[in-house]
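Here the structure comes first, spelled out in structure tokens, and everything after it is commentary.
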Amino acid sequence: MPKNIRVRFAPSPTGPLHMGGVRTALYNYLFAKSNGGKMILRIEDTDQSRFVPGAEHYIMESLAWCGIQFDEGVSEGGSYGPYRQSERKSIYKAYADQLIQTGNAYYAFDRTEDLNELRKQAEAKKKTFIYNAQTRKTLRNSLNMNDDEIKKHLMEGTPYVVRFMIPENICITMNDLIRGRVTVKSETLDDKVLFKSDGMPTYHLANIVDDHLMEISHVIRGEEWLPSLPLHVLLYEAFGWEKPQFAHLPLLLKPDGNGKLSKRDGDRLGFPVFPLQWKDPKSGEISSGYRENGYYPDAFVNMLALLGWNPGNDQELFSMTELIEAFSLDRVGKSGSKFDPEKAKWFNHQYLIQRSDKQLASEWKQWLKTEKNLEPESVKVVKIVSLIKERVNFVKELWDEASFFFEAPESYDEKVIKKRWKTDSPEQMENLATLLDTLEDFTAEKIDEKIKNWIADNELSMGVIMNALRLLLVGAAKGPHLGDIMEVLGKAESIKRIRSGIKTLLN
Ligand code: GLU
């Protein structure tokens, strides 16, 4: 392991950050923190044509929501800055020039339409056009021109790109911390564009130069960048720089395992793929986010951590501190990880039930205020939450399970009436109301005792009585233990519901 561990998360602000991107950031963070290293945020915004307003802010807000912190970056600063590539523009040209001088790169003046034509011709033969040793000798580039011609083009401002010259007929061997040794033949590679005449580097050049200048020790990124690795390795060699170590993380797959989980999948399949809600600045289209869907950030992070990494035992719940302690790259798998939206809910459920009743109650009180304009007493909310939290995954679901605590039933479930409301029910329920009215201490325990004795004394059926009573109190066959419900409702309200229910059902 190098002495100074320095890793970076290097998103391009071309849209909202996908959950796969968040996982990449998370693994970088866990790796840095578990090795006493530094975590850097670098914004890769050299491709101005793909720039999306608001995306950079969105990325930073998402990572902050997840609790992924940076030691250096756009907001944090640091001695390797600036950390936004558009602000580093002046740095890159010298490196492109250096590669031209050392014979590792060349100017290419080809017109887009000519290259498109070559691509089309190749396609017609079911082949792919590659700009490399097989074709470069016949194209409009500096390799086929004398110095005067090259100078003339540059002086006249002919648009150009600088291409990296992939060596002919070699095998490039790379080492990946997750995949091991990977070998690629150079004839399959393109002479990739490194720099354009508008003065902007492409991703490849800027990325390598910055990783070098920022002294990045480990490049941990998504598998989609594996095809770029041979070029990156060759670039390091051409510059004569020491390479960082590389780790390419497995893809996140759709729930059915068929293909990569894409930005489009989320709302189509009924779950978010973005950490926060995103509104497309052009179309106004809204994509849902984990935060707005009611996920706790620690549950989301816990779930993501286990999509590709495993602790080697069956522990599933990890705080960030525990993740930092347990994480290592050698427990990251090679194959894609299927995303399971139900499991994501399960994680949220686990974090929800771990919260104290008081804490959960205060979260729900806020929801009740904004969504229902209700401001119930805290003691009541704490009690309700303690009764129903096991039944829900999200704070917003508490209402579906507990609205009857706040609103007396206005209607009664027809199916339940058919099944549970008998000819004797009105009389029995009236007697029960009278009985409950005599109870001084209206607690669940006393209520239960009273009802139980009364049922026994009158040789009634527990099931028949309790189901009819539940129908009157709740309006349906749901809810926690009846004694608890009545204790929360209080004596007056419970009796009122019984009597008005009898009346309604008699009509
Ligand atoms: N800017 C690239 C991205 O958006 C970074 C890839 C890398 O980490 O090298 O994913």
Side-chain angles (χ1 to χ4, degrees), residues 5-32 37-52 54-60 62-63 68 70 72-74 80 82-89 91-92 164 174-179 182 192-194 200-236 239 241 243-252 260-263 273-275 278 308 329 332:
I5 304 280
R6 291 175 58 80
V7 299
R8 82 317 191 255
F9 180 56
S12 300
T14 54
L17 187 60
H18 180 264
M19 58 194 273
V22 182
R23 190 197 57 174
T24 300
L26 175 65
Y27 284 13
N28 272 283
Y29 176 72
L30 297 176
F31 179 77
K38 295 263 186 283
M39 168 77 164
I40 292 132
L41 177 68
R42 183 173 72 225
I43 298 292
E44 301 208 323
D45 57 349
T46 52
D47 189 351
Q48 295 294 326
S49 66
R50 295 182 62 212
F51 177 82
V52 172
E56 181 183 309
H57 177 79
Y58 176 94
I59 292 168
M60 301 213 273
S62 301
L63 298 170
I68 298 172
F70 292 90
E72 295 169 30
V74 175
Y80 294 79
Y83 292 91
R84 203 180 271 117
Q85 285 185 330
S86 57
E87 291 167 23
R88 302 171 63 80
K89 198 178 153 189
I91 296 177
Y92 307 110
F164 185 71
M174 300 150 286
N175 208 35
D176 184 272
L177 291 171
I178 294 167
R179 274 143 233 280
V182 186
K192 278 273 187 283
V193 174
L194 300 178
M200 277 305 221
T202 59
Y203 154 72
H204 299 292
L205 181 69
N207 184 272
I208 266 46
V209 167
D210 286 347
D211 280 348
H212 172 69
L213 295 179
M214 294 182 180
E215 296 181 25
I216 299 304
S217 63
H218 293 75
V219 169
I220 305 169
R221 61 186 173 190
E223 188 183 297
E224 63 273 27
W225 298 103
L226 195 58
S228 300
L229 185 57
L231 170 67
H232 293 182
V233 164
L234 290 173
L235 275 167
Y236 278 101
F239 281 120
W241 294 337
K243 292 187 267 290
Q245 298 200 53
F246 293 97
H248 289 84
L249 305 173
L251 294 175
L252 289 191
K260 188 176 152 179
L261 185 65
S262 79
K263 294 196 172 187
V273 286
F274 299 117
W278 167 258
L329 279 178
V332 174

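Remember, it's 1-based here, ligands and their atoms both numbered in the order they're listed.
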Is the closest heavy-atom distance from R8 to ligand 1 below 4.0 Å?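 It does; at least one heavy atom falls under 4.0 Å.
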Quick one, [X] and [Y] - any side-chain contact, counting heavy atoms below 4.5 Å?
X: V182; Y: L229; result: no
X: E56; Y: F51; result: no
X: L231; Y: F164; result: yes

Please work out, at 4.0 Å between heavy atoms, whether the side chain, the backbone, both, or neither of F9 comes within that distance of ligand 1.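 The answer is neither.
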Is ligand 1 under 4.0 Å from a heavy atom in the side chain of V219, in the backbone, in both, or in neither?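 Looking at V219 and ligand 1, no heavy atom falls under 4.0 Å.
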Suppose we measure from atom 5 (C) of ligand 1 to each protein heavy atom; which comes out shortest, and what is that distance?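 In this structure, atom 5 (C) of ligand 1 has A10 O, 3.1 Å as its nearest protein heavy atom.
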Top protein contact for atom 4 (O) of ligand 1, by heavy-atom distance: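 For atom 4 (O) of ligand 1, the nearest protein heavy atom comes out as S12 OG, 3.2 Å.
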Give the numbers and elements of all ligand 1 atoms closer than 4.0 Å to a heavy atom of E44.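 Going through ligand 1 atom by atom, the ones under 4.0 Å from E44 are 1 (N), 2 (C), 5 (C).
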List ligand 1 atoms under 4.0 Å from N207, heavy atoms only on the residue side.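 Checking each atom against N207, I get 7 (C), 9 (O).
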Quick one: sort the H18 and F274 rings into parallel, tilted or perpendicular, breaks at 30° and 60°.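 Rings of H18 and F274: perpendicular, as their planes differ by over 60°.
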Shortest reach to atom 3 (C) of ligand 1 by a heavy atom, considering only Y203, W225, F246: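 The residue whose heavy atom sits nearest atom 3 (C) of ligand 1 is W225.
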Can you confirm whether the side chains of Y92 and D210 place a donor and an acceptor under 3.5 Å from each other?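 Present: a donor and an acceptor within the cut-off.
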For the side chain to side chain donor-acceptor pair (under 3.5 Å) test, which of H218, R42, H232 pairs with D211?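 Going through the options one by one, the only one that passes is R42.
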